[in-house]
There are 2 protein chains.
Amino acid sequence: MDVTDSSSHSSESGRGRPGARQEYKCPIRDVLDRVGDAWSVLVVSNLAEGPTRFNELKRRVEGISQRMLTVTLRHLERDGLVSRTVLPTTPPQVEYALTELGHSLCGPLDVLSGWATANQPLIRASRERYDGEAGELTGGE
Amino acid sequence: MDVTDSSSHSSESGRGRPGARQEYKCPIRDVLDRVGDAWSVLVVSNLAEGPTRFNELKRRVEGISQRMLTVTLRHLERDGLVSRTVLPTTPPQVEYALTELGHSLCGPLDVLSGWATANQPLIRASRERYDGEAGELTGGE
DNA sequence: TGCTTCCTCGAAAGTGCCTTCTTGCGCCAA
DNA sequence: TTGGCGCAAGAAGGCACTTTCGAGGAAGCA
């Protein structure tokens, strides 16, 4: 893993979350900021199956609101992962699709997803164990 | 990508972030919640090189505070990715190491990191293009 | 006893994400 | 004109992350 994050956090004093730095950001941190939010991988996963119109996408991504879908798509579009095409239909519809870059991201996300699925039980067991020990004030494992 | 997130978001009414759901969570969303924060991948990356004591880790992860390092390590430990060992030294020191599970996560993270590094220029170019177009109110690409 | 090192954590302040609610634009039909 | 569809975005409220600050426990030593 190439992690070179010499300026993830600004030296500006003050409390609170530092704004996402656009320059000199560690690549993987950058990507995680993009796909680490609540909805992006779900949207990307759905689009991986083919171009989809807004409302169809909203139906497929269970639980997402119009607002969050709009915002999420805008963010993905900004990073070049998704393309937006206004269809000359009546009423006008908008179709979203993964770009070539977006499709290339599916590989790594599939790998991570595979790992996550395979190890979810272990992670959960660990949490339960940890929470149980924390309750007993044993301070660590 | 196996994305089955039927209850990422609770049906409890109200504004604000839903708490991370522990049960029935989509595996990859779960993992992204874990490693998607500001510091975790940096810490994991450093620990991948070998067990490290707290203060050494603090020096290596540039910019992290004691507080954030402590919190981050606790979270990683809870998920079973990191183990914590109190050394019988004077003064007492604590050593952190990746568990077997933690080490297994390095593979997928390396893949993602490779992708991120390879595509960072494209992503940035896209952002600049997008921001420029947004300024022109062209509404999409 | 006071001091040092190492590490942990509570409190307060600030930020950005996420949610709900609502409005509004374009287009068309009644 | 009103209403509907499709889509986008502003506003307000809440939450968790992140930061800074400071206190404190454990162990040992002078």
Side-chain angles (χ1 to χ4, degrees), chain A residues 8-22 29 32-40 42-43 52-59 61 63-78 84-96 134 137-140, chain B residues 5 8-22 29 32-40 42-43 52-59 61 63-75 77-78 84-96 134 137-140:
Chain A
S8 277
H9 292 73
S10 74
S11 47
E12 306 164 5
S13 62
R15 300 171 181 179
R17 293 164 71 121
R21 311 294 298 183
Q22 305 308 327
R29 284 273 343 83
L32 287 174
D33 279 349
R34 175 76 285 110
V35 303
D37 67 287
W39 301 107
S40 291
L42 302 180
V43 170
T52 318
R53 294 188 305 278
F54 187 91
N55 266 340
E56 180 62 26
L57 203 48
K58 195 177 69 160
R59 277 190 290 272
V61 183
I64 197 170
S65 65
Q66 254 176 235
R67 177 61 174 155
M68 286 319 302
L69 182 53
T70 296
V71 169
T72 301
L73 286 167
R74 285 303 198 193
H75 286 156
L76 291 170
E77 187 190 356
R78 180 167 181 274
R84 175 179 180 278
T85 307
V86 182
L87 304 178
T89 57
T90 301
Q93 302 188 311
V94 185
E95 180 178 85
Y96 292 90
L137 295 176
T138 56
Chain B
D5 196 10
S8 277
H9 293 72
S10 73
S11 48
E12 305 165 3
S13 62
R15 301 173 180 178
R17 296 166 68 120
R21 310 295 297 184
Q22 305 307 327
R29 285 269 349 76
L32 287 174
D33 279 348
R34 173 78 284 110
V35 303
D37 68 287
W39 303 106
S40 291
L42 303 179
V43 171
T52 317
R53 295 188 304 279
F54 187 91
N55 265 339
E56 180 61 25
L57 203 48
K58 195 179 71 161
R59 278 191 288 272
V61 182
I64 197 170
S65 66
Q66 266 178 225
R67 176 62 172 153
M68 286 319 302
L69 182 54
T70 298
V71 169
T72 301
L73 286 168
R74 286 302 198 196
H75 286 157
E77 187 189 357
R78 182 168 180 273
R84 174 180 181 277
T85 309
V86 181
L87 304 180
T89 57
T90 301
Q93 301 186 315
V94 184
E95 181 179 82
Y96 292 89
L137 296 177
T138 56

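A note on names: the letters A, B, ... follow the listed sequences, proteins ahead of strands, and every chain is numbered from 1.
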* Please report, rounded to the nearest Å, how far the C1' atom of dT8(C) is from the CD1 atom of I64(B). => 14 Å

* How many angstroms lie between OH in Y96(A) and CD in E56(A), if you round to the nearest 0.5 Å? -> 14.5 Å

* **Contact under 4.0 Å: R84(A) side-chain N or O vs dC7(D) OP1/OP2** => no

* Asked: Which nucleotide, dC7(D), dT8(C), dT18(D), lies nearest any side-chain atom of D37(B)?
  -> dT18(D)

* Proximal nucleotide (of dG16(C), dT20(D), dA27(D)) relative to the P92(B) side chain -> dA27(D)

* Asked: Can you tell which of dT19(C), dT15(C), dT19(D) lies closest to the side chain of R67(A)?
  -> dT19(C)

* Structure fact -> Checking dC7(C), dC6(C), dT20(D) against the side chain of P91(B) (C-beta onward), the nearest is dC6(C)

* Asked: Among dC6(C), dT18(D), dC7(D), which nucleotide sits nearest the side chain of V94(A)?
  -> dC7(D)

* Taking only the side-chain nitrogens and oxygens of Y96(A), find out if one of them lies under 4.0 Å from OP1 or OP2 of dA8(D). => yes

* Asked: Which distance, rounded to the nearest 0.5 Å, do you find between the CG of L57(B) and the CD of Q66(B)?
  -> 12.0 Å

* Asked: To the side chain of A38(B), which of dT19(D), dT18(D), dG6(D) is closest?
  -> dT18(D)

* OG1 on T70(A) to NZ on K58(A), rounded to 0.5 Å -> 9.0 Å

* Protein-nucleotide distance (M68(A), atom CE; dC21(C), atom C1'), rounded to Å -> 15 Å

* To do: First locate atom CG of D33(A), then atom OG of S40(A), and finally report the distance between them rounded to the nearest 0.5 Å.
  => 11.0 Å

* To do: Check every atom of dC7(D), dC7(C), dT20(C) against the side chain of F54(A) and return the nucleotide holding the closest atom.
  => dC7(D)

* Structure fact -> Between CG of L57(B) and P of dC6(C) the distance, given in whole Å, is 15 Å

* Structure fact -> Nearest-nucleotide check on DNA chain C, T89(A) vs S65(A); residue mapping nearer the 5' end is S65(A)

* Structure fact -> Rounded to whole Å, the CD-C1' distance (E77(A) to dA8(D)) equals 12 Å

* For L42(B) and dT18(D), what is the distance between atoms CG and P respectively, to the nearest whole Å? -> 11 Å

* To do: Identify whether any heavy atom of T90(B) sits under 4.0 Å from a base atom; if not, whether one sits that close to sugar-phosphate; answer base, sugar-phosphate or nothing.
  => sugar-phosphate

* To do: Please tell me which of the listed nucleotides, dG14(D), dT19(C), dG6(D), lies nearest to the side chain of P18(B)?
  => dT19(C)

* Asked: When you match G16(A) and T70(A) each to their closest nucleotide on DNA chain D, which lands nearer the 5' end?
  -> T70(A)

* Between N55(B) and dT5(C), does any side-chain N or O lie under 4.0 Å from OP1 or OP2? -> no

* To do: Rounded off to whole Å, could you give me the CH2-to-P distance for the W39(B) and dA16(D) pair?
  => 22 Å

* Asked: From L73(B) CG over to I64(B) CD1, what is the distance, rounded to the nearest 0.5 angstrom?
  -> 7.0 Å

* **Pair of N/O donor and acceptor under 3.5 Å linking dT8(C) base with Q66(B) side chain** => yes

* Asked: How many Å lie between NZ on K58(B) and P on dC7(C), as a whole number?
  -> 9 Å

* Distance from R53(B) atom CZ to Q93(B) atom CD, nearest 0.5 Å? -> 4.5 Å

* R15(A) side chain, from C-beta outward: closest of dT20(D), dC7(C), dG10(D) -> dT20(D)

* Nearest whole angstrom, please: distance from the C1' of dA9(D) to the CG of L69(A). => 13 Å

* Consider the side chain of R53(A), meaning its heavy atoms from C-beta on, and name the nucleotide among dT18(D), dT8(C), dC7(D) that approaches it most closely. => dC7(D)

